[in-house]
Amino acid sequence: MTRVWNLENDERPGFIIGYVGPRMKGGTPVPSAIFSTEGPDSVRDRLHDPEKFLQAQLTEIRAQLQLQGDYVPSLCPAIGVVGIPSAFGGEVIWWDHDLPAVRPAIGDDPMAVYDLPKPSIRDGELGRILDYTRYFAEQTGGQIPIRLGDLQGPLDNAALIFGHNNFLMATLTNPEEVHHVMGMVTDLMIEFIHAQRDAAREFGADFVPSLHQPWLPDGFAVGVSNDECVMMSSDMHKEFHIPYLNRLAEEFGGIYHHSCGKWVHQFPSLEAIHNLRGLEFGASEATYEPVLDHFNGKVFTSCRIGLQRDMKFDGMADFVRKVLAKAKTTRGLFINVDVTNGIVGDDWPETDLDEIYALLGAN
């Protein structure tokens, strides 16, 4: 994987086999213990019980290790997007069969940002993430790396603290107040990432500074989720987010950027990131053609199917073929053969793993 991150893989793309749908030839489907709503326990029970959460992830790891690819086992204390916003006072709403949500910490008055206290790294649900980090590392004897919890990114967190509509309005009416919150969020993210790394290392575990797959070498970059960027212009993104992404990049070596949705209009702003190391995205959302046209061979690109709504693939083999056909080079290309949370109907074909391995040059 280090070679893929360094754009040195001439022979084939990197890949892992994730959840390919309900039918698989040559193996057993592997639901995600973090992002899937399936499993023997409710999502709420799983996330509230560190032992259940650990065992669900160990079950996934054992299944993944039966498959070919570039999978590096890791555990992740991710509990959804609520970590940073809850530390600022947002009320967490726990659902039985979905990841939790969080209410805005401030009302309709943007000036209320100045009443927000400076959070600590244990406020809200951040303490749970640190406790789970220690629990996972201790229970496994530090033998399995620990991934970064779901910290989202400065922009997403600020939007959750304001509420999405109030946040976008405030970028026009109260830019100073938006920057005030963005600075506070970035400060807390930096402090927390160092604390989670220390918690993992306390028990001898390696730290993987990204929520999203695949493995990312510590010190190379930090993973950031940036879904809110789809709702603003590139110029606004440069003004309100890039300075804070660059603070994170300078602290942790670079940025591994994730965004759901269609974010291709952000190409100019993303190129302003210091050390943009990689992009993680849904091929059916962004979509994959313009992303690969622009970035393939320049930075690491990790591509999974995604939502499967506006653009649809006719199965996993179709997805892999189309991505490979569009890519100019395998250098830095990583294909996550996964359709977790995508819209898959009864007509979704069985995935033949031998066919997938042959397409990817793994046989």
Side-chain angles (χ1 to χ4, degrees), residues 1 3-5 7-32 35-36 63-64 66-72 212-215 257-264 267 278-363:
M1 278 308 305
R3 294 180 61 247
V4 186
W5 279 105
L7 313 183
E8 297 171 348
N9 55 312
D10 288 311
E11 68 284 9
R12 65 166 175 84
F15 76 94
I16 59 174
I17 306 296
Y19 178 67
V20 300
R23 293 180 295 154
M24 175 194 287
K25 182 180 179 181
T28 302
V30 184
S32 168
F35 297 109
S36 174
Q64 288 276 8
Q66 302 304 308
L67 306 173
Q68 294 187 45
D70 302 295
Y71 174 70
V72 178
H212 293 97
Q213 291 284 6
W215 174 85
H257 180 277
H258 157 84
S259 182
C260 295
K262 196 173 185 69
W263 49 269
V264 296
F267 288 176
L279 299 164
E280 199 282 339
F281 64 99
S284 65
E285 300 170 24
T287 55
Y288 71 99
E289 298 103 322
V291 177
L292 294 180
D293 271 341
H294 197 84
F295 288 107
N296 178 223
K298 298 177 183 177
V299 301
F300 178 94
T301 48
S302 178
C303 182
R304 60 195 151 70
I305 284 188
L307 186 58
Q308 272 275 109
R309 187 182 64 182
D310 298 328
M311 169 185 280
K312 295 187 177 182
F313 295 97
D314 296 325
M316 277 299 177
D318 182 54
F319 160 64
V320 173
R321 283 193 193 94
K322 285 178 177 174
V323 170
L324 290 174
K326 188 61 183 177
K328 299 182 288 288
T329 176
T330 59
R331 289 189 175 192
L333 179 64
F334 186 89
I335 300 180
N336 188 352
V337 185
D338 183 273
V339 71
T340 297
N341 296 333
I343 300 172
V344 175
D346 293 338
D347 58 346
W348 184 255
E350 179 183 56
T351 298
D352 184 336
L353 287 185
D354 285 340
E355 181 181 17
I356 299 298
Y357 294 148
L359 289 169
L360 293 166
N363 288 336

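For N296, there are no side chain to side chain donor-acceptor pair (under 3.5 Å) partners two or more places apart in sequence or in a different chain. Residues that satisfy the side chain to side chain contact (heavy atoms under 4.5 Å, CB included) test with Q66, not counting sequence neighbours, are absent from this structure. For R309, the salt bridge (charged side-chain N to carboxylate O under 4.0 Å, His left out) criterion is met by no residue, not counting sequence neighbours. Partners of R12 by salt bridge (charged side-chain N to carboxylate O under 4.0 Å, His left out), not counting sequence neighbours, listed by chain and number: D70. In this structure, the salt bridge (charged side-chain N to carboxylate O under 4.0 Å, His left out) partners of E355, at least two apart in sequence or on a different chain, are R321. The side chain to side chain donor-acceptor pair (under 3.5 Å) test applied to T330 returns no partner, not counting sequence neighbours. For the side chain to side chain donor-acceptor pair (under 3.5 Å) test, residues two or more places apart in sequence or in another chain that qualify with E280 are H258, R304. Take K326 and apply the side chain to side chain donor-acceptor pair (under 3.5 Å) test, not counting sequence neighbours, and it matches D293. Remark: D354 pairs with no residue by the salt bridge (charged side-chain N to carboxylate O under 4.0 Å, His left out) rule, at least two apart or across chains.
To the nearest 0.5 Å, atom CZ of residue F267 and atom CZ of residue F295 are 5.5 Å apart. With values rounded to the nearest 0.5 angstrom, L279 atom CG is found 7.0 Å from T301 atom OG1. Distance check, rounded to the nearest 0.5 Å: CD1 of I17 to CD of Q64 gives 8.5 Å. One finds the CG atom of L360 at 11.5 Å from the CD1 atom of I16 (value rounded to the nearest 0.5 Å). In this structure, CE in M316 is found 13.0 Å from CD in E350, a value given to the nearest 0.5 Å. Distance check: L333 CG to N9 CG gives 7.5 Å after rounding to the nearest 0.5 Å.
Residues G315 and P349 approach most closely at CA-CG, 3.6 Å, considering heavy atoms. Nearest heavy-atom pair, A286 versus V291, reported as atom, atom and distance to 0.1 Å: CB-CG2, 3.7 Å. Across P13 and L324, no two heavy atoms sit closer than the pair CG-CD2, 3.8 Å. What you find for L67 and A63 is that their closest heavy atoms are CG-O, 3.8 Å. Summarising the geometry of K298 relative to H294, their closest heavy-atom pair is NZ-O, 3.0 Å, with the distance given to 0.1 Å. For the residue pair A283 and C303, the shortest heavy atom distance occurs at CB-SG, 3.4 Å.
Side chain of E285 to backbone of L307: a donor-acceptor contact under 3.5 angstrom is found. Between the side chain of K328 and the backbone N or O of L292 there is at least one donor-acceptor pair closer than 3.5 Å.
Applying the ring pair (Phe, Tyr, Trp, His ring centres under 6.0 Å) test to residues at least two apart or on different chains, none of the pairs has a partner in residues 337-363. Identified under the ring pair (Phe, Tyr, Trp, His ring centres under 6.0 Å) test for residues 304-330, with sequence neighbours left out: Y288-F313, F313-F319.
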key: Derivation of the side chain to side chain contact (heavy atoms under 4.5 Å, CB included) call for V344 and I305   = CA-CA 11 Å; V344 175; I305 284 188; over 6 Å; no

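No side-chain heavy atom of M311 sits under 4.5 Å from any side-chain heavy atom of K322. Using a 4.5 Å heavy-atom threshold, the side chains of S302 and Q213 count as separate. The shortest side-chain heavy-atom distance between L353 and M24 falls under the 4.5 Å cut-off.
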Show me the donor-acceptor pairs within less than 3.5 Å that the side chains of residues 334-342 make with the rest of the protein, sequence neighbours left out.
residue	atom	partner	partner atom	Å
D338	OD1	T340	N	2.8
D338	OD1	T340	OG1	3.0
D338	OD2	Y19	N	2.8
D338	OD2	T340	OG1	3.0
N341	ND2	F35	O	3.3

